[in-house]
Engineer: 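Have a look at this one.
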Amino acid sequence: MSAPVPVLSDIVGLFIRHPLRWALPAVVVAAIASLYAVTKPATWEAALTLTVRAEATGNQGGAGRFRDLSEMKTVQETVLELAKNRAVLEAALRKVGLPANTKVAAGAWPSGADIDDLSDALKLVPPKGAEFGSTEVFYLKVKDNDRARAMALADAVADELLARFQLLRSDKAQSMVRELGVAVDIARRDLQESVTTLGAFETRIGGDLAELRNLEQLGSGDSDLRKLVVELESELRQAENAERNNQELHNLLSAAQADSSRLLATPNRLLESQPALRRLKEGLIDAQLRTSLLLGSRSHEHPEVRASLDAQEEVRRHLHAELAAAAQGVAGELDVAHELVADRRQKAAAARGRLDRLASSRAEYSSLNSQMQYRTRQAEQSERQLVDARAAQAGGAASNLLTRLDKADAGTKPIGPGKTTLLGIGIGGGLMFGIGCLLLTTRLPDGSATTTQAQPSQADAQPVSAAPAAAYSSSDLRTARPENTRPANARTTERAPLITSAV
């Protein structure tokens with residue numbers, strides 16, 4: 001059977017019977033809270049708006065624009081680390097001075113604890129609803145118990161932050177200038193070495209340098225040297241053909257001097273260079289035909305036949321004389337053809353040799369040329385970076401990537417709960433504490449105690465034994481926990497056997 005729930009009247013009666021158990025703790029806690037609310041200084045938070053931009057020089061994303069959010073976040077994280085720097089905070093504290101009504105020994109301001117306090121009171125936050133590093137705007141906030149001092153600290157920290165960030169940029173740019181200066185010197189020395197090596201190689205190539213360059217740039221196709229080789233080979237073939245024709249004609253003419261009939265069997269293509277000889281050959285053939293026609297109708301003694309035979313012999317004598325002159329002329333042409341063939345062969349061989357030499361030198365020239373071009377690009381890139389670094393160094397002294405939009409402002413009200421709110425919280429907390437103390441030090445009354453409790457009998461008044469009397473002492477009834485207590489009717493039931501045994 002579960003214990004009865006106490007009613008409201010019992011609880012109210014409990015408060016009335018034991019007023020000090022709840023009122024005294026409540027008053028103490030409320031008094032402490034009121035004292036804290038009265039003596040607690042107000043906390044003011046001054047906010048100052050800052051913006052950050054990227055460097056204008058050497059920026060591929062545009063002058064003053066970040067390439068991506070990660071770059072902007074990196075810059076803002078650098079600003080955050082600078083804002084927490086002890087040197088910045090110490091300089092800001094020295095600039096603002098001691099708080100009001102504060103005296104310290106000379107040289108003891110600011111101490112390490114003062115710097116730590118300012119570091120805890122300072123923060124960089126993004127605009128509401130944004131993530132740090134996602135916008136170019138962020139806020140520098142400083143807390144202090146004095147409104148004017150909070151704004152002064154915010155302005156001083158911002159001034160020192162801007163100066164230190166500008167100095168950091170300048171030092172960084174100066175370091176980059178020194179480093180890039182060494183890189184430019186190395187790149188220039190490498191480039192000069194490549195130029196010297198390539199120049200010596202081109203000097204060794206000589207007049208065929210243009211052909212080698214064309215061969216390197218084009219890789220294939222007709223060059224002047226290749227065209228020359230093709231032309232010389234064509235002339236060589238023509239000279240060899242002319243040499244063969246002249247040799248055959250010279251052999252024929254030499255044989256025809258002994259037997260003129262062999263000349264009649266010579267093809268006309270061999271006699272194209274000897275028009276007189278060809279005409280005499282044709283005249284001899286015509287005379288022989290005319291003689292044959294006359295012999296068909298007349299005898300050898302006929303005057304016309306004899307005249308035709310005499311004309312035929314005359315043509316043969318002229319032909320024999322012409323054969324000697326033609327043979328001498330063909331011999332001269334044959335010598336010229338021999339010399340031409342030898343000359344064309346020599347020139348073609350020399351041109352092919354030049355072409356082979358250029359082809360074998362092409363790989364080395366390509367390597368040297370590529371190396372020089374690569375080192376040229378490296379030198380140009382290093383010089384371009386050096387120029388950008390020098391421009392950044394000059395810009396670091398003339399401008400700042402951080403910009404403050406306005407002066408620091410602490411608003412019109414301090415942050416945190418006010419005195420009235422703290423007083424109300426203290427009173428409410430004191431009442432709750434007092435109620436808790438009352439419930440922990442007293443036993444809640446049973447709901448049925450007023451209706452079921454009976455008058456104790458005479459036997460009840462007599463002590464039964466030492467143990468029961470001790471078990472039901474008044475102090476135990478007050479300090480016993482609710483879970484260890486029993487209803488009044490249950491205690492009466494348990495004590496009845498003891499009383500009966502005693503009687």
Side-chain angles (χ1 to χ4, degrees), residues 41-57 59 61-97 99 110 114-172 392 395-417:
T43 302
W44 296 86
E45 185 177 63
L48 190 146
T49 308
L50 297 174
T51 61
V52 63
R53 64 172 178 84
E55 293 185 358
T57 59
N59 194 345
R65 298 182 59 184
F66 293 100
R67 290 190 296 268
D68 49 31
L69 292 180
S70 61
E71 183 181 1
M72 180 169 60
K73 186 175 182 180
T74 301
V75 175
Q76 291 186 2
E77 288 176 351
T78 304
V79 174
L80 176 60
E81 293 300 323
L82 286 177
K84 295 289 185 177
N85 185 267
R86 298 185 68 87
V88 173
L89 300 179
E90 182 178 359
L93 287 173
R94 292 183 183 278
K95 183 177 181 180
V96 174
D114 297 326
I115 296 175
D116 292 336
D117 293 340
L118 180 58
S119 178
D120 295 336
L122 183 144
K123 60 182 179 180
L124 292 177
V125 296
K128 292 183 179 180
E131 183 181 358
F132 188 78
S134 61
T135 63
E136 297 180 356
V137 179
F138 57 96
Y139 298 101
L140 172 67
K141 295 185 178 182
V142 180
K143 295 180 182 179
D144 196 82
N145 296 331
D146 184 78
R147 182 175 182 273
R149 181 176 172 80
M151 293 188 295
L153 283 174
D155 289 331
V157 170
D159 293 339
E160 294 296 328
L161 179 60
L162 266 63
R164 186 56 62 94
F165 188 72
Q166 188 173 7
L167 180 61
L168 176 63
R169 283 185 59 215
S170 179
D171 294 342
K172 182 180 178 181
S399 63
N400 203 329
L401 301 184
L402 285 177
T403 305
R404 51 191 298 172
L405 298 183
D406 49 18
K407 292 289 184 179
D409 184 20
T412 58
K413 294 181 180 180
I415 62 174

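Values reported hereafter were calculated over all heavy atoms of this structure, with side chains retained and with hydrogens, waters and symmetry mates removed. In this chain, residues are counted from 1 in sequence order.
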Engineer: Identify the two heavy atoms, one from V88 and one from L82, that lie closest to each other, and give their separation to 0.1 Å.
Structural biologist: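 Smallest heavy-atom distance, with atoms named: CG2-O, 3.4 Å.
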
Engineer: Can you name the nearest heavy-atom pair linking L122 to K84, along with the distance?
Structural biologist: O-NZ, 2.6 Å

Engineer: For the pair R147 (side chain) and G411 (backbone), establish whether a donor and an acceptor sit closer than 3.5 Å, ignoring hydrogens and angles.
Structural biologist: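 Such a contact is found between R147 side chain and G411 backbone.
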
Engineer: I'd like to know if D159 and R404 make a salt bridge, using a cut-off of under 4.0 Å between side-chain N and carboxylate O.
Structural biologist: yes

Engineer: Looking only at heavy atoms, what is the nearest atom pair of K95 and A156, with distance?
Structural biologist: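 What the structure gives for the nearest pair is CD-CB, 4.0 Å.
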
Engineer: Name the one of V75, N85, L124 that satisfies side-chain contact (heavy atoms from CB on, under 4.5 Å) with L80?
Structural biologist: L124

Engineer: Less than 4.5 Å apart, any side-chain heavy atom of L69 and any of M72?
Structural biologist: yes

Engineer: Nearest heavy-atom pair of E90 and I115: which atoms, and what distance?
Structural biologist: CB-CD1, 3.9 Å

Engineer: Please round to the nearest 0.5 Å and tell me the distance separating atom CG of D117 and atom NZ of K143.
Structural biologist: 13.0 Å

Engineer: Should T403 and L162 count as side-chain neighbours, where that means a heavy-atom distance under 4.5 Å?
Structural biologist: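 Result no, sub-4.5 Å side-chain heavy-atom pair not found.
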
Engineer: Might you point out which heavy atoms bring P127 and F138 nearest each other, and give the distance in Å?
Structural biologist: CD-CA, 4.4 Å

Engineer: Between atom CG of D146 and atom OG1 of T43, what is the distance when rounded to the nearest 0.5 Å?
Structural biologist: 11.5 Å

Engineer: Once rounded to the nearest 0.5 Å, what's the spacing between atom OG1 of T78 and atom NZ of K73?
Structural biologist: 12.5 Å

Engineer: Looking only at heavy atoms, which two atoms of A92 and E160 are closest? And how far apart?
Structural biologist: N-CG, 4.0 Å

Engineer: About how many Å separate CZ of R164 and CG of L402, when rounded to the nearest 0.5 Å?
Structural biologist: 13.5 Å

Engineer: Report the distance from atom CG of D144 to atom CD of E45, rounding to the nearest 0.5 Å.
Structural biologist: 11.5 Å

Engineer: Check whether any side-chain heavy atom of L118 lies under 4.5 Å from a side-chain heavy atom of V142, and answer yes or no.
Structural biologist: yes

Engineer: Would the distance check show the side chain of T74 and the main-chain N or O of S70 forming a donor-acceptor pair, the cut-off being under 3.5 Å?
Structural biologist: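 Confirmed, T74 side chain pairs with S70 backbone.
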
Engineer: Does the side chain of L50 come within less than 4.5 Å of L161's, by heavy atoms?
Structural biologist: yes

